[in-house]
K.L.:
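The structure that follows is given in the form of structure tokens.
Hydrogens, waters and symmetry mates play no part in the numbers below; they use all other heavy atoms, side chains included. One-based numbering, in listed order, for ligands and for the atoms of each.
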Amino acid sequence: MINVTRSSMPPFEEYCDEIKKIWDSRWLTNNGIEHRTLENELCEKFNVKNTVLFANGHLALECAIAGYDFPSGSEVITTPFTFASTTHAIARNGLVPVFCDINPDDYTIDVSKIEELITDKTVAIVPVHVYGNMCDVYAIDKIAKKHGLRVIYDAAHAFNVTYKGVSSACFGDASMFSFHATKVFHTIEGGGICTANDELAKYLNHIKNFGQDGEDCIYAGTNCKMNEFAAAMGVCNLRHLDEEIAKRKLVADRYIKRLSGAKGIKLSIPSDDTVQNYAYFPVLFDGYKLNRDEVFDLLGKHDIVPRKYFYPLTNSFTCYNNLETAGEDKTPVAKHIANNILCLPIYADLTVAEVDRICDLILQ
Ligand SMILES: *Cc1c(COP(=O)(O)O)cnc(C)c1O
């Protein structure tokens, strides 16, 4: 069986060596040595002032949005072509997600359609670097400055990606990364916020630990700290990141070699300004001979499990039925992409022979 992804693991002995320190110290969570090490290494790697680790990416994003204390009912412009988490993080803060359509080529937010969605209730933009394709960060920055809006990126897919030589961690007011087991870099479960804003970082460090400040609580906080075993997994995985990405690149290059130019198939090739992490390999099937669902079924018959990702759009979820801004017909490009896209298997240990088998079936 070839699944869409497979978690990368450090050598077993290396992880054992790392967690030996936790055994000896009996310091299992609450800002231990592994937690501090990982935060420092990420700050250094991405040249960002603050990294705040969390139990998962979703709560990191939810807390970062909460950090700006927007009035309840305020509007946040985002895209529906994302994982449920992005939209939920907005809604769970008592804010209204307003869905902007996406670009037909890289599937990120269509910046030419943002301004028409801005009202006197708009407070922020939450764009997504889908598949590690970077949003038009400079255009978004310009719009945000002009209208006094905050920008919080869902960078869950863009770990270690750079745009014009600058890390994906450095754009907007803050960027959220997910370190879930299925991501390019993982801590089993985990996430982080990278930000240059010291006030926000301070808030996040309080809020993820019940809002405690000494004996007092200065916020009605929550509990979403990263534990030491998760951080240790991150410390180990970070050592192997370059190797992991290089192996993924071989897989992506093979797919591109075999599939580019084939009739009925459109690949998403990022701009030359982007150094990719090869987290996903999305392919658009435009209905020539077989449609997306038929290709999915065909591969499934051969024990190959791609993923309809992202499908369905978040603006068509039942939980947003009562939202005036919902409805996939309002974002026709996103609707088209969601109905035709398939993410093919990609992970470090996927062999060229396996990629060829997948490509042979598709080309056939
Ligand atoms: C994985 C993911 C998240 C959520 O991250 P978790 O760590 O699983 O909570 C949010 N947004 C996107 C786009 C993701 O892919």
K.L.:
Below 3.5 angstrom, do we get any N/O pair linking F310 and ligand 1?
P.N.:
no
K.L.:
Test your reading of the structure: does T82 have an N or O sitting under 3.5 Å from an N or O of ligand 1?
P.N.:
no
K.L.:
If the cut-off is 4.0 Å to any non-hydrogen atom of K183, which atoms of ligand 1 fall inside it?
P.N.:
1 (C), 2 (C), 14 (C), 15 (O)
K.L.:
Does ligand 1 have an atom that lies less than 4.0 angstrom from a heavy atom of G190?
P.N.:
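Contact present.
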K.L.:
Tell me the protein heavy atom at minimum distance from atom 15 (O) of ligand 1, and give that distance in Å.
P.N.:
H157 NE2, 2.9 Å
K.L.:
With sequence neighbours left out, write down each residue that passes salt bridge (Lys or Arg N to Asp or Glu O under 4.0 Å) with K202, or none if nothing qualifies.
P.N.:
none
K.L.:
Which one holds for E189 and ligand 1: side chain close, backbone close, both close, or neither close, with close meaning a heavy atom under 4.0 Å?
P.N.:
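The answer is neither; E189 stays 4.0 Å or more away.
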K.L.:
Near D272 CG, under 6.0 Å, is it more than 12 heavy atoms from other residues, nucleotides or ligands?
P.N.:
no
K.L.:
Check whether the side chains of N50 and T195 place a donor and an acceptor atom closer than 3.5 Å, and report yes or no.
P.N.:
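No, T195 and N50 have no side-chain donor paired with an acceptor closer than 3.5 Å.
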K.L.:
Would you please name every residue forming a salt bridge (Lys or Arg N to Asp or Glu O under 4.0 Å) with E62, sequence neighbours left out?
P.N.:
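Checked E62 against salt bridge (Lys or Arg N to Asp or Glu O under 4.0 Å); matches are R92.
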K.L.:
Among all protein heavy atoms, pick the one closest to atom 4 (C) of ligand 1 and tell me residue, atom and distance.
P.N.:
S85 OG, 3.7 Å
K.L.:
Hey, which of N209, N197, I193 is the one that makes side chain to side chain contact (heavy atoms under 4.5 Å, CB included) with L204?
P.N.:
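That would be I193.
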K.L.:
Can you check whether S178 has an N/O within less than 3.5 Å of an N/O in ligand 1?
P.N.:
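Min N/O separation from ligand 1 is below 3.5 Å for S178.
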K.L.:
When you check the side-chain N and O atoms of N30 and E228, is any donor under 3.5 Å from an acceptor?
P.N.:
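No pair is found: no donor N or O on one side chain lies under 3.5 Å from an acceptor on the other.
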K.L.:
Check each atom of ligand 1 against the heavy atoms of F83 and keep those under 4.0 Å away; list them by number with element.
P.N.:
2 (C), 3 (C), 12 (C), 13 (C), 14 (C)
K.L.:
Does only the side chain of Y309 get under 4.0 Å from ligand 1, or the backbone, or both, or neither? Count heavy atoms.
P.N.:
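It is the side chain that touches ligand 1; the backbone stays farther off.
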K.L.:
Closest non-hydrogen protein atom to atom 9 (O) of ligand 1, residue and atom name please, with distance?
P.N.:
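It is H58 N, 2.8 Å.
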K.L.:
Determine whether the side chains of N227 and K225 contain a donor N or O and an acceptor N or O closer than 3.5 Å.
P.N.:
no
K.L.:
Hey, is ligand 1 close enough to H180 that some N/O pair sits below 3.5 Å?
P.N.:
no
K.L.:
Please confirm whether the backbone N or O of N291 pairs with a side-chain atom of E294, one donor and one acceptor, at under 3.5 Å?
P.N.:
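Yes, E294 side chain to N291 backbone: donor-acceptor pair under 3.5 Å.
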K.L.:
Purely on distance, is any nitrogen or oxygen of D154 under 3.5 Å from one on ligand 1?
P.N.:
yes
K.L.:
Which pair of non-hydrogen atoms, one from N103 and one from D110, has the smallest distance, and what is that distance?
P.N.:
OD1-CA, 3.5 Å
